[in-house]
Each structure stands twice: as C-alpha cells, then as structure tokens.
Asker: 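This is the structure I want to talk about, given as structure tokens.
Side-chain atoms are counted along with the backbone in the values below, which use heavy atoms only and exclude waters and symmetry mates. Quick caveat: nothing in here was measured; it's all calculated off a predicted structure. In what follows, chains carry the letters A, B, and so on, assigned in the order in which the sequence lines appear, proteins first and then strands, with residues in each chain numbered from 1.
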Amino acid sequence: MAANSPGGTAPDEATDPWAPWIATIVAGVRRAAAPLGWDLSEAQTEGLLELGGPAEADVALPVHRGAASAGLAPPELAARLAAAFPLGGPVREVTASGAYVNVRLDPAELVQRTLALALARGAEYGHAVPDGSAVCVEHTSANPTGPFHIGRVRNAIVGDTLVRALRAAGSRVTTQYYVDDLGRQATMLTWLWTTPRESWPEPVRQAVEGHEVPGEKPDHRLGRPYPAFSAYLKEHRETAEKVAELVRRIESGAAPPEHGQIAREVLDGMLASLGRLGVSFDEFVWESQFLHDGSVERVLERLHRAPHAVREENGAWAIDAADYGLPKESTRIVVQRADGTSLYVTRDVAYHLAKFARFARAIDVLGQDHRLHAKTLEALLTELGERRRPEFVIYQDVTVPDGGRMSTRGGSAVTLDGLLDEAVVRARREVVARREDLAGPEIDAIAEAVAAGAVRFQVVRVAPEKPVAFRWEDALSFEGRSGPFVQYAYARASSVLRKGEADRPPYPFAAERLTHPDELGVVRAVAALPRTVRAAARTGHVQGLAGYAHELADRFNRFYHAVPVLKAERERASRIALVAAARQALGNALDLLGVPRLETM
RNA sequence: GGGCGCGUAGCCUAGCUUGGAUAGGGCACCGGGUUCCUAACCCGGCGGUCGAGGGUUCAAAUCCCUCCGCGCCCGCCA
C-alpha cells in the first residue's frame, strides 16, 4: 500500500538519515518477537517495515505472518510484541493497533540527522556511496533519418533518467547511442543527397521544394525528403533496388564519403534537440565498426559451429530456435544471408559482446516493438555459450489521438523541436503574465527551462510500459503534478534564502525548534530521498522519482503557506535551515529528473 | 492464429517485482484563501464493482486460471 519499504540494499548511515532508525527498529522487533515464537532474520524484519504509512506511526509492522508460529491471533501477537518492544533511544512509543505494531520515534532526531546530512552533503545528498560498478546504458539510438520525433522521446527521457538514478545510486555509468549507419534507412538519405535533385522522384522533389527554411537545422533540412521517399520506395521497385545496391556497397566497406557525413549532420541536429532536454551521451557506437573490426565475422564463425546452427539450401545460415520460446513462425533466426552479408541482429550480438567485455551490466532501453528482437538476441547469446544478458527496459510507443503511430516511418508527425517550441511559447506567456520586472533574455531563459522541465516530467511520471496517447494539454501542463510545480517550489525556497541573506551556510539550527506538523512533513520528505533513489535504481521504475519530487514540493508548499520563515523570531534560523535542506533535496530531485533548476520563475 | 505488454473515478496516473490498516496523487468541476517570505500556490468538497468472472489465502489492485478490450511483434528489414 502506501507502505514505503526501506528499499533495496541496506541504508547507509553516512548517506541515509533513516539508517540508524531502521537498524534500531529491526533489532527491537527481533528481540521482542523471538521470545513469542516468531523468529525473523534481519532481512525479513526490514522487509516487513512500512515507512511513511498512516499518520499514527513513523514505522509500522504487520504481524500476520508471525501469528502461526507464535500460536496467537494477530491482534494478540501485536499487543504482546508492542509491550515487549524495548523503549529508549529514539523509540518513544510502541502501540498495537489491530494486527499492527506502530512505532513512534523522536522527531527531533530525524530533524537533526536529516538537516545535517542534507546540508553537509549538498549536491551529493540522496546519493549512495559509489561502488564503482561499471554499467552501460544504451538508449535512444534513433536512426539518423530526420528530426527527432516525439514518438521516440520517451526512450531518451526514460533512459537518461535511469542513467541519473544509477549514477546517484553509486554506479559508474557509460551511456551509449547506437547509430545505425548501415541498412536501408540511413542509406536512403545518402542516395538522395548524392543524386542530383533533378533525378529525384517527382513526389519526393515536391516534398522538399518550397519547404526549405533558411538557416534550419540539418536534421530538418536533410531529413525532409525522407517520409516521401520512404512511401515512394514501397511502390517503386526499380528505385528501391538502386538503394539496395547502395546498401550492399556500404556494407562491403565502399561507402561514398558523403555517407558518414550526412548521418553525422543529421545526428548532430537530433542531438541538439535532445540537448534542450538535458539528454546527452558519453559514446556513439557506429554499427559499421563491428563489420570493419572483424567482430561480426568472428561472431558468424562461432554461430556456424553453434549447437543449433543450420545451413539453408540457398547458403544462408540460421539458428534453429525452437527451444527458445519464440513465436512459431520465427523459430529460425537467420544470422547470415545467402549472399554472405550479416543482419542487424548478428551485428547486435557483436555489439553486446563488446559491451560485456567492458561492463558488468548492460542495460538497453527499447520500444516494445523490439521485444522479439531482444528475445532473439538472448537466444543467439545462448547459442554462443554466453551467459551474460543485457537487461531490458521496455517502453510502449506514444500514439496520436487519431490512432496513427508516431514513428519516424509514419511521416510528418510532431517533432521534438516542434513540441519544445510550442512549450516555450506557452511557458513564455506564463512568465510574462507574472513577471513584469524581468527583461527579455531572463524571460526567455525561464521559458526554455520551464518548457523542458514540463516535457521531461510529463514523460517520466508515467510508467514506461504504459501506453500513452500524446496530447498537447498533457505535455504542456504547468500545474499540479508537473515539472514546473517542482521548479516553482525550488524557486520559492531559493527566494526565501536570498531574502534571508543574513543567515548563511552552514545554516545552524536547533532541531527541537522544528515541531510543527508541516515542518516535520518537509523533514520526512527530505529524509526519503536516499531510499527513493535506491528504489529507482534497483527497480528501474523511474516514475517513482517524479512522484517523489511532487510529494516533496507539495509538502514544502504546505509548510510555506502554514509557517512564516523570515518573519519568525526564535524559530527563524532553524526554519531557514529547513528551507535550505528542502531546497537541496528539491534541487537534487530535479537533477535526477533532468528538470532544470530555476532560482526564480 | 501465436507470443508479449497494458486495462485503477469524466480524463490522466501511483501502488503490482516482495499480498497486509479507510486504494494515494493530478486534471476537470464546486466552494473558500493574496495588508504576510513568488497564487505556476494553499485549504475544503465532489467523484472508485482497481476490465469481467473464477481460484489460492487469515488477508488480493497486487499471486494463479479463463474470458473481454486496446497496443505491439511474428522479414534473408532495422
């Protein structure tokens, strides 16, 4: 339920304000339960604890599971357990309520530890101690055929947020973008732009002529003929064959010099769009490299000798994958064409072997249309005797209301640039309406940050496996559970600290001054950041980070309305420290989400 | 046809991996709040057979089975 388990690996006292409490309560529960006939391991005890549950308890423990071994009805067991629970230290009160044992803790202790930790660790607050584990996250990897499309933006945002969560949880993450410079898609553009415009098919020429925009980004300019050309090729075999011939030339290593150049230019344009969302990559892996460095050939040699290898009559090589749980019609995985050339999945095997050589974990963020491909890849790895597996994070495609699929092949649907431009226009209106004091450039900067924040938050707040229908009003939401809502709380906290400039870091405070329920609400939310990060990294459920950020902002807003800070007297310094800690947690949560921080808005 | 994913109030969504106390939020709607640190905010109200049915269990949104609806995939494409 609302139960918020301590989450994943055991909390660390150096990073998590809850850690000492968890340890104390686990020990207390075990000590009280054992004489009643309920033996619990430490891990079991920790797994049962519910944090942040109902208001009457800081930590709750359901005892149903112990009823049988204790030979007692749950309420009776709860009552005895509560009576036997060792008091003292942080444990203020232990009561039974039905089948639950509720533990109340000394709030001043949590205030003390939480503020101290948040203020001392700063930008590192919420992060675990680095464990140095090498992780590769491959995401986005959209083919360089035109402007970045919003159907794909989910991959980039989910992937990038996951990367941020993993890094915060202590992993050493390398992000990779796999660029398909082989194959038909990229080749189509090369064919077009190395062919005189007069020789283009008429409908393709029409799609371009009169639509050029001076100074436009290369992805828009070079990608413009792509949808029309794609449609044209379906109807015109001769032209399709010319492109196919170029594909073969490129695969054989005789790519025209323009080929890589065009792909790179388009990719640069796409990356510029992603850059507006704060998404970037450490490495770009070009598919052709596995062909040229001989690794595809080595994979093929091994596959020829694989347990289920079969040679087709026409000379193609396949793996009989009947035992791998694939759909009946695709039990044969072709790994090499009759003409000797390789296939996408073969090259992907080479790619993943390269990943395994460098990384302990390889995570791939894929659209659900790649599910079968993922299974196929796993089957081939098994055939090679490779035990390691990539981990897949699968997201569902974004659809448009009319039911059409928003893929790059689908044509001229909304681009990421178009979405962001519209978001900026609307954000700008909001800023102008409330900030007469600001000059143009400041307004523009805020509008861009609000727009990017709104889009990122909107995408990440929904579980990736859920289908999403694109709607402008959702994507551009600035209220309620949104990016700007969190940005606003951060800006407010920043504003308070600016105006309370007499009080400066390290923000001395007295924990016992912070006793208002809304103050404690903020503290509890701040204290939950470390375990939220752990949970997100462990499960890959990045939507939890969005939920957390909203919750924290919500608590802060409530506190802000209920309790004066700068006008307080005795409590002033402590409340300023609380605001500083909340601002730190809000800022760190925004960083995890890739939503820009705004000092003012 | 087969495989996989999704189905929670008018709309969107958390929770499901690890079953536990009245299923959390947001939008919309209704009613309040600005001599006070930013009203992109806050307070209150309205709204739920957790797709349907069966099963397991002391306990099911959560696990199992069947069915229904929607989506995706089932290429010597990528």
Asker: What's the closest nucleotide to the side chain of A/R481 if the choices are B/C42, B/G25, B/A78?
Answerer: B/G25
Asker: Using a 3.5 Å distance criterion without hydrogens, assess whether the side chain of A/N155 forms a donor-acceptor pair with backbone atoms of A/V365.
Answerer: yes
Asker: Which nucleotide wins on minimum distance to the side chain of A/L372, given the candidates B/C76, B/A14, B/C74?
Answerer: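 The answer is B/C74.
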Asker: For A/Y344, report the nucleic acid contact type (base, sugar-phosphate, nothing); a contact means any heavy atom under 4.0 Å.
Answerer: base
Asker: By the 4.0 Å heavy-atom rule, please label A/A68 as base, sugar-phosphate, or nothing.
Answerer: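 Since no nucleic acid heavy atom lies under 4.0 Å of A/A68, the category is nothing.
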Asker: Which part of the nucleic acid, if any, lies within contact of A/V486, taking any heavy atom under 4.0 Å across all strands shown: a base, the sugar-phosphate backbone alone, or nothing?
Answerer: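 Here A/V486 touches no strand at all.
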Asker: Counting the atoms with a prime plus P, OP1 and OP2 as sugar-phosphate, which does A/V431 contact under 4.0 Å by heavy atoms, base, sugar-phosphate, or nothing?
Answerer: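 Base: the residue A/V431, judged by heavy atoms under 4.0 Å, touches a nucleobase.
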Asker: For a 4.5 angstrom cut-off between non-hydrogen side-chain atoms, does A/R575 reach A/K567?
Answerer: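 Of all side-chain heavy-atom pairs linking A/K567 with A/R575, none is under 4.5 Å.
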Asker: Salt bridge or not for A/R248 and A/E241, using N-O below 4.0 Å?
Answerer: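 Yes.
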Asker: Starting the side chain at C-beta, find the nucleotide from B/C72, B/C41, B/G15 nearest to A/Q543.
Answerer: B/G15
Asker: Could you please spell out the steps behind the salt bridge (Lys or Arg N to Asp or Glu O under 4.0 Å) verdict for A/R332 and A/E312?
Answerer: CA-CA 10 Å; A/R332 286 227 160 153; A/E312 306 282 2; 3.3 Å; yes
Asker: Which protein N or O atoms sit under 3.5 Å from an N or O of nucleotides 34-36 of chain B?
Answerer:
from  : atom 1 : to     : atom 2 : distance (Å)
B/C36 : O2'    : A/K567 : NZ     : 3.3

Asker: Between B/G33, B/A78, B/C37, which nucleotide has the shortest distance from any of its atoms to the side chain of A/H561?
Answerer: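 Selected nucleotide (nearest to the side chain): B/G33.
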Asker: Determine whether A/R428 and A/D444 make a side-chain contact, defined as any pair of heavy atoms from C-beta on separated by less than 4.5 Å.
Answerer: yes
Asker: Check every atom of B/U18, B/C41, B/C73 against the side chain of A/D369 and return the nucleotide holding the closest atom.
Answerer: B/C73
Asker: Do A/W317 and A/V334 touch side chain to side chain, with heavy atoms closer than 4.5 Å?
Answerer: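 No, side chains not in contact.
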Asker: Heavy atoms from C-beta onward define the side chain here; which of B/C41, B/G5, B/G26 lies closest to that of A/H550?
Answerer: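 Of the options given, the side chain of A/H550 lies nearest B/G26.
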Asker: Quick check on A/R237: does its CZ atom have over 12 non-hydrogen neighbours (other residues, nucleotides or ligands) under 6.0 Å away?
Answerer: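 No.
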Asker: Counting the atoms with a prime plus P, OP1 and OP2 as sugar-phosphate, which does A/V565 contact under 4.0 Å by heavy atoms, base, sugar-phosphate, or nothing?
Answerer: base
Asker: Mapping A/D339 and A/G98 to their closest nucleotides on RNA chain B, which lands nearer the 5' end?
Answerer: A/G98
Asker: Out of B/A78, B/C12, B/A39, which has the shortest distance to the side chain of A/R471?
Answerer: B/C12
Asker: Could you check whether A/E287 gets within reach of a base, just the sugar-phosphate, or nothing at all, counting any heavy atom under 4.0 Å?
Answerer: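 If one applies the 4.0 Å heavy-atom cut-off, A/E287 turns out to touch the sugar-phosphate alone, with no base involved.
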Asker: Under 3.5 Å, which N/O atoms of the protein pair with N/O atoms of nucleotides 6-10 of chain B?
Answerer:
from : atom 1 : to     : atom 2 : distance (Å)
B/G7 : OP1    : A/K466 : NZ     : 2.9

Asker: Quick check: do A/Y177 and A/E138 have side-chain heavy atoms less than 4.5 Å from each other?
Answerer: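 Heavy-atom side-chain distance check fails, nothing below 4.5 Å.
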Asker: With respect to the side chain of A/S97, which nucleotide from B/A21, B/C12, B/G71 is positioned closest?
Answerer: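 Per side-chain heavy atoms of A/S97, the pick is B/A21.
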Asker: So, do A/F229 and A/W191 have ring centers that fall under 6.0 Å from each other?
Answerer: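 Yes, the ring of A/F229 comes within the 6.0 Å limit of the ring of A/W191, centre to centre.
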Asker: What contact category does A/V579 fall into here, base, sugar-phosphate, or nothing, at under 4.0 angstrom with non-hydrogen atoms?
Answerer: nothing
Asker: State which of B/A21, B/C37, B/C76 makes the closest approach to the side chain of A/N102.
Answerer: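 Output: B/A21.
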Asker: Side chains of residues 61-70 of chain A: which donor-acceptor partners sit under 3.5 Å, not counting sequence neighbours?
Answerer:
from  : atom 1 : to    : atom 2 : distance (Å)
A/S69 : OG     : A/G37 : O      : 3.4
A/S69 : OG     : A/G66 : O      : 3.3

Asker: Select one nucleotide: of B/C58, B/C42, B/A21, the one nearest the side-chain heavy atoms of A/H64.
Answerer: B/C58
